[in-house]
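Below is one structure, written out as structure tokens; comments come after it.
Per chain, numbering begins at 1; letters A, B, ... match sequence-line order.
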There are 2 protein chains.
Amino acid sequence: MRAMSDNGSLRRGRPGYDQQGILEVAVAAFNQYGYDATSMGVLADRLGLSKSAIYHHFASKDEILERALDDALSALEGVLNEADAAGGRAADRVDQVLRGAVHVLVSKLANVTLLLRVRGNTEVERRALARRRAFDKAVTALVEEAQAEGTLRSDIDASVVSRLLFGMINSIVEWYRPGGREDADKLADDVIAVALDGLRMPTANRVEELLG
Amino acid sequence: MRAMSDNGSLRRGRPGYDQQGILEVAVAAFNQYGYDATSMGVLADRLGLSKSAIYHHFASKDEILERALDDALSALEGVLNEADAAGGRAADRVDQVLRGAVHVLVSKLANVTLLLRVRGNTEVERRALARRRAFDKAVTALVEEAQAEGTLRSDIDASVVSRLLFGMINSIVEWYRPGGREDADKLADDVIAVALDGLRMPTANRVEELLG
DNA sequence: GTCTATATTGAGATAGAC
DNA sequence: GTCTATCTCAATATAGAC
């Protein structure tokens, strides 16, 4: 409740952590070693604190994870809600969701990375997985709409399409590293370009030559 | 060295495990809970053995992981080598590598899944990551060749292209479940279709309408 | 090839002083 | 808000019998 409690990520001085400051360091460690392989001891070392100091801010290791996952999930769900609220053609909403998802991935890279690696070992993890499944289901429904509309090819199953799309998008967390705001836009453009138009040169001969 | 040592996965009777039999159960558990979160105790329970019985077959938990990762990596490297040996246009070799990778993913689903989740916590894991990086690098070189050749669009960086492609392909392990041989071919077809031609209906209006 | 111990380490978490 | 010290439990791994 002190004044400095609200500017977590801006305060970079060593001691006197708030939840946000601890969260950032913890998530980075979780992503580097994996959640299970990251001990409270290692976490304490990274923070320059004792283990018990961490327990002053969080009730358990699990609770740290819960906070980080909720942040990522809320952002992704927000993208979906915005697209739904915007209305319009399904194809436009698909476009909006894909671009929005790329931006969330980039802006909340660490937390989303953590989310994508959750296996469902604990109640916290299982709740997160349930929210992810709901998100995936909504995206699949959107793709189905776009197929019915005639704007997306319908020779591939909608759930396969949405899984491949998000497989591509989600894989960004494996290699993308910060670097500015316009990079996220360019990345989103590239993803959309590959997803909608494919990699083949528009002028190149089609099926026969490449796949023959 | 007994006769039954060579038919591991075919022998389904409970006791009298060989390395292969233990490996399969272990990898399944590693994928379900995550490697670090899977204890030798849980593994023993699943095998219907005591912990010490496992140590008769493997020197350590790490060695079990090493075997599984090597199997997946060797298969993927084999795909690359075959494509290189086949020669021909870069575009054809890209196609061959993508299809081959999908088939390896499907045929060695469990081991590849494990490989894709390795974080680099131990020497074994770091060696596996190094082999993965070498594979990725070779694929990127292949994409560059195809771009220079004029068969793949060159407005997107080759390393981004290969990362998005393999992001899409690798994500298959998250949802694909057995189900027959032709499924793998159909899946490979779908991946190639999305990757090369994109999702947009060939007849639909292009950039202006969808992205406007 | 498997078992019942057991050694040993490190984990998550708590108590209570400052 | 942080510390030292400690509890408790579960982990990997080993010893040695059958």
B:Phe135 and B:Leu76 have their tightest heavy-atom pair at CE1-O, 3.3 Å

Quick one: A:Phe58 CZ to C:dA13 P, roughly how many Å, whole number?
13 Å

Check whether the side chain of A:Ser52 and the base of D:dT4 form a donor-acceptor pair under 3.5 Å.
yes

Give the rounded distance in Å between these two atoms: NZ of B:Lys51 and P of C:dA7.
14 Å

Protein-nucleotide distance (A:Met40, atom CE; C:dT9, atom P), rounded to Å
23 Å

Roughly, in whole Å, what's the span from CG in B:Asp36 to C1' in C:dG12?
16 Å

Compare side-chain N and O positions of B:His56 against OP1 and OP2 of C:dG1 and report whether any pair is under 4.0 Å apart.
yes

Check ion pair B:Arg89-B:Glu145 (N to O, under 4.0 angstrom)
no

Atom pair distance, as rounded to whole Å: CG in A:Asp45 and C1' in D:dC3:
14 Å

Go through the side-chain N and O atoms of A:Gln147 and A:Arg153 and say whether any donor and acceptor fall under 3.5 Å apart.
no

Between B:Ile22 and A:Lys61, which is nearer to the 5' end of DNA chain C once each is assigned its nearest nucleotide?
B:Ile22

Out of D:dT4, D:dA13, C:dT14, which nucleotide sits closest to the side chain of A:Tyr55?
C:dT14

D:dC3 C1' sits how many Å from A:Tyr17 OH, rounded?
15 Å

May I ask you to verify whether the side chain of B:Ser39 and the base of D:dT12 hold a donor-acceptor pair under 3.5 Å?
no

Whole-Å gap separating C1' (C:dT2) and NE2 (B:His57)
8 Å

Got a second to check how far B:Ile169's CD1 is from B:Leu116's CG, nearest 0.5 Å?
11.0 Å

Separation of atom CG in A:Asp62 from atom P in C:dA11, rounded to whole Å
17 Å

